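Keep in mind the model is a prediction, meaning the values are calculated, not measured. Note that these values count all heavy atoms, side chains included, but never hydrogens, waters or copies made by symmetry. Residue numbers start at 1 and run along the sequence shown.
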Amino acid sequence: MVRMSALRNVPVICHSRQIGLLQSISLDAARKRVHALVVSCGMRGKRVVLGRHVQAIADGFILADQDEKYKRVYERAGSPFVRDTTGMLAGCVTDYAVDEQTLEILAAEIMPGYWPASSRQRFWAFAYHSADDPDGSLIVPASLGSGLIVSREGI
């Protein structure tokens, strides 16, 4: 398991040459998978490596067997919002944990509420699903969301 934030600015190697540095990821939230890697190539712009073309995520670099021209359609960021099953806003997503071999999203790091960072603790949510609404927020169990609200207010 690897944190996606730890992979930013990691070199991406395709056809035995470095094509650039990993800038961001594109998520397929419905299938809980990484859809594509967006690679910054400096003055040459951006390239995209689809998830199926990632051969390995190693310590310090990413290997791919094919890259494509960048198109904005590849940029599908995950929703930053987290709601519980009752619809109450419970926090925001700060990171994702991904399996290096399958590129499956294993967990989402969540920061509860929108209070100052000093009063919040981040945690990993393994049980969640994507909402069908336009903002595509992640849905966590209601008990988790209620627990966040109660602990935040100090009740």
Can you find a heavy atom in the side chain of Leu37 that is under 4.5 Å from one in the side chain of Ile62?
yes

Taking the side chain as every heavy atom from C-beta outward, state whether Leu27 and Ile105 have any atom pair closer than 4.5 Å.
yes

Would you check if Thr102 and Arg33 make a side-chain contact, meaning some heavy-atom pair closer than 4.5 Å?
yes

Do Val93 and Val2 share a hydrophobic cluster, counting only Ile, Leu, Val, Met, Phe, Trp and Tyr and linking them when any side-chain heavy atoms are less than 4.5 Å apart?
yes

So do Ile13 and Ile19 actually touch side chain to side chain, heavy atoms under 4.5 Å?
no

Apply side-chain contact (heavy atoms from CB on, under 4.5 Å) to residues Val12 and Phe61 and explain how you reach the verdict.
CA-CA 6 Å; Val12 178; Phe61 61 94; over 6 Å; no

What heavy-atom pair brings Phe126 and Leu106 nearest, and what distance separates the two atoms?
CD2-O, 3.5 Å

Rounded distance (nearest 0.5 Å) linking atom NZ of Lys46 with atom SG of Cys41
10.5 Å

Which Ile, Leu, Val, Met, Phe, Trp or Tyr residues join Leu21 in one cluster when any pair of side-chain heavy atoms under 4.5 Å counts as a link?
none

Salt bridge (Lys or Arg N to Asp or Glu O under 4.0 Å) pairs touching residues 86-106, sequence neighbours excluded, are Arg3-Asp95

Return a table of donor-acceptor pairs under 3.5 angstrom between the side chains of residues 49-58 and protein atoms on other chains or two or more places apart.
| unit_1 | atom_1 | unit_2 | atom_2 | d |
| --- | --- | --- | --- | --- |
| His53 | ND1 | Asp65 | OD1 | 3.1 |

Who passes side-chain hydrogen bond (donor to acceptor under 3.5 Å, both in side chains) against Thr94, sequence neighbours left out?
Glu109

Minimum heavy-atom distance Val82-Cys92, with the two atoms named:
CG2-C, 4.0 Å

Would a hydrophobic clustering, with Ile, Leu, Val, Met, Phe, Trp and Tyr connected at side-chain separations under 4.5 Å, put Val98 with Val10?
yes

For the student: nearest non-hydrogen atoms of Tyr96 and Trp124, plus distance
C-CZ3, 3.9 Å

Sequence neighbours excluded, every pair satisfying side chain to side chain donor-acceptor pair (under 3.5 Å) that has a member inside residues 7-22:
none

Compare every heavy atom of Pro11 with every heavy atom of Gly60, then report the nearest pair and how far apart it is.
O-CD, 3.3 Å

